[in-house]
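These figures come from a predicted structure and were not determined experimentally. Chain letters run A, B, ... following the sequence lines, proteins first, then strands; residues in each count from 1.
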Amino acid sequence: MSKKNKSNILLKILEGFINLVIFISILQILFEDIAIIKGFDPKLKIILMFIGFGIDLIFTIEFIARSILSTKNRGFIAYFFYQYGWIDFLCSIPLLIMNSLPSFILFLTTKTLYKSTVGFIKIIRIIRAIRITRILRILRVLKILKNLQNANSKMAQNHLSQILVIFIFTLLISLIGYSFISDFSVNKMIEKQVQTYQLVFLGYNQIINDFHVNSKYDELHNFLSKIKSSFLVDPKVLSVEMINLPSQFKLQDNLLYKIDNFDHIINNFSNYQLDIGFFRLIFSTQYFENLKTSVELLIFISIILGSILFIFIYLRSFVTRISDIIYIIFKGIKHKDYFLMVKIPENYKDEEIFEFAKFYNDIYLPAKRKQYQKTEQTSKISIDDLMNMDL
Amino acid sequence: MAQTNQKVDQFLDHLLSLPPIKKDCPIGAEQQIITFIKTNLPKLEVSFTKPEFFPDLPPKETIAYILSTLQKRVVDQSINFFKRIITSEIDFSILRKVRKRPIDEDKIKEKMINLITEMISDPICRSQMKPVFYILEQKYINKVVDLLFERKAFTYNELVRVQKCYIEAPEYVSYLKILLLLSQFVNYPPENKKIFINASTNEEKVQICNNSAKTLVRKIPEIDIIECKLAVDSNLPENLIEIWQASSRLLFILLHRFNEYEPGLKAEKGAETPDKSWYGVARKIAKDFGYSKGIVDELYLIANEIR
């Protein structure tokens with residue numbers, strides 16, 4: 001096997017591998033979001049985090065390799081701006097540096113997972129949105145569709161890629177914009193909830209302080225019994241514990257309230273701890289987290305479905321109404337013995353391109369046929385066909 | 001020698017199984033191989049001396065040997081094909097019905113087979129039989145006649161009423177096949193001082209056809225001179241036909257169509273089928289090429305239904 005053949009096979013294997021990673025990356029994003037909503041086991045979340053890190057690392061290596069190779073061919077600028085290098089970049093280095101690498105390092109050092117809610121800086125929320133840019137990589141996978149309805153036409157592929165980029169970016173910008181609107185942010189919603197609890201519990205604190213000042217230590221028990229039932233009103237409250245109580249108050253158990261499946265929820269879902277005077281509240285932020293993740297998931301699924309629809313409906317329309325016609329006419333002009341006519345659909349015959357095709361069919365081809373003299377000087381067999389002949 | 005024979009057979013097997021010519025008829029494949037050898041002669045002469053080819057024979061002798069083996073193969077295959085057509089796909093009784101006179105069908109068959117064998121054995125005439133081979137192999141006449149008779153439009157009217165040949169579609173198929181088989185007699189050198197493909201003027205072409213018709217009727221007297229004339233006139237454009245019959249005009253178009261026929265050529269996405277495209281162009285240049293406009297227009301309309 002020649003060196004060229006070997007490198008071609010290697011290139012095909014690599015391309016196949018990258019395409020596979022692209023598909024896995026889309027699934028990884030889907031599962032990561034579903035894991036948040038459904039509260040998957042932390043072990044699964046760790047696996048997904050590792051996969052995410054691996055994917056970002058592979059894409060980063062691929063981007064660097066392509067950049068190096070591009071300097072040998074048409075140049076980095078051509079690769080970056082005209083061959084979707086910018087998409088390769090967006091889907092690799094920023095995600096690795098700002099998302100998966102910190103998560104990976106945090107896990108290695110503290111054995112805990114990043115919890116993407118409270119305390120996060122705004123940029124991290126945007127990173128989660130940008131993470132979806134990985135889907136832009138499906139434009140590379142378009143090559144796989146080359147056997148589908150003449151999708152091997154470069155014009156059709158470029159045209160469709162451009163439309164998909166616009167479509168995906170419109171949704172991404174909407175998603176990033178949504179992340180920026182503070183009223184929709186998880187932090188803002190949690191802040192509002194915290195404010196509500198703070199007001200209520202500050203009142204409770206005042207009452208307990210009064211008990212302390214007036215030495216009515218026995219009344220605490222009755223008071224706490226009365227307010228216990230109010231915790232049940234909000235299912236987001238996971239537990240309420242008394243802390244820093246003056247020693248004169250004698251409580252058998254500092255834990256006032258604890259939801260039934262407390263451990264499961266604490267381990268698998270997002271939560272937030274809030275200390276207000278004598279009270280320590282742990283409440284679930286999963287409700288807000290789910291809202292935000294659902295919007296992201298919805299946009300992600302819209303991008304996938306929209307892209308598939310574009311590929312199957314728009315590409316088909318583009319191919320049958322533009323690129324196929326150009327392809328046939330080009331072949332007719334280029335090859336002297338090519339005489340196939342362009343098929344003109346009755347419904348679209350008034351479109352300019354079919355008017356052009358009609359001219360090609362009715363004027364150009366007959367004129368070419370009149371000029372054409374068939375010669376038997378060329379054979380369909382070539383001397384190369386005798387290679388590897390075993391007599 | 002036995003080893004050389006075997007190697008030549010293997011060499012030809014290899015060439016004939018190559019994808020570009022695999023679907024060609026034997027005559028078409030032979031033409032391709034001859035062209036290939038002609039265009040690559042110097043390289044082949046060098047290659048043939050290599051140990052894996054034919055080191056024991058001088059290259060020129062090797063080539064001559066290859067060509068004669070190829071010719072034998074092609075002639076055998078073609079004769080078998082045409083024999084099968086004559087014996088099993090043509091109803092010669094139609095000639096009796098058309099000319100209203102007794103004929104000996106077996107005698108005609110025998111004479112037709114002998115004549116076709118002679119024609120196929122001649123390399124020039126054989127090469128001109130390529131479109132005939134394809135038309136018969138594809139059962140193209142069967143399909144076209146069925147469709148034309150179903151439509152009962154221009155061509156049907158010409159074939160049946162104008163030509164006064166009141167026969168049914170299956171009979172017309174046989175009738176046209178007989179004419180088609182005899183059509184290339186004009187290119188059979190032993191019987192023609194000058195063959196049709198070498199004629200340079202229209203007068204020469206008409207003269208050759210007239211002479212061929214007369215010779216043909218002498219060779220197979222059981223076939224009427226009218227059929228002989230219709231057969232050879234299938235090579236003439238519309239404006240040169242003396243007996244202005246639709247059979248010849250239809251066969252003239254079909255022979256031209258299959259002269260450019262590429263077996264295995266599929267319709268491309270966005271393009272009309274090869275048949276539709278050919279008739280589509282032909283109707284635009286009908287006047288220049290001598291195609292009957294009415295017939296070619298109708299063939300264009302039914303092109304997609306033919307296959």
Neighbour count above 12 (heavy atom, 6.0 Å) for A:Phe356 CZ: no
Please determine whether the number of non-hydrogen atoms from other residues, nucleotides or ligands lying under 6.0 Å from atom NZ of B:Lys293 exceeds 12. yes
Salt bridge between A:Asp324 and B:Lys269, side-chain N to carboxylate O under 4.0 Å? no
For the CD1 atom of B:Ile285 and the OH atom of A:Tyr372, what is their distance to the nearest 0.5 Å? 12.0 Å
So for A:Lys368, is it side chain, backbone, both, or neither that comes closer than 4.5 Å to the heavy atoms of chain B? neither
B:Ile34 portion near chain A, given a 4.5 angstrom heavy-atom threshold: neither
Could you tell me which of A:Asp362, A:Thr320, A:Asn361 has the largest number of non-hydrogen atom pairs under 4.5 Å with chain B? A:Asp362
Please examine the side chains of A:Ile328 and B:Glu268, heavy atoms only from C-beta on, and report whether any two atoms are closer than 4.5 Å. yes
With only heavy atoms counted, which part of A:Tyr360 is less than 4.5 Å from chain B, the side chain, the backbone, both or neither? neither
Given the options A:Arg321, A:Lys370, A:Lys331, A:Met341, which has more heavy-atom pairs under 4.5 Å with chain B than any of the others? A:Met341
Bottom line for A:Asp337: the part with an atom under 4.5 Å from chain B's heavy atoms is neither
Give the intermediate values and the outcome of side chain to side chain contact (heavy atoms under 4.5 Å, CB included) for residues B:Phe289 and A:Arg369. CA-CA 10 Å; B:Phe289 282 69; A:Arg369 184 65 193 80; 4.0 Å; yes
Rounded to the nearest 0.5 Å, the OG1 atom of B:Thr273 sits from the NZ atom of A:Lys343 at a distance of 8.0 Å
Which bit of B:Asp24 comes within less than 4.5 Å of chain A, counting heavy atoms only: side chain, backbone, both or neither? side chain
A:Ile344 portion near chain B, given a 4.5 angstrom heavy-atom threshold: backbone
Please find the pair of heavy atoms, one from B:Ser277 and one from A:Leu340, that lie closest to each other, and give the distance. OG-CA, 3.4 Å
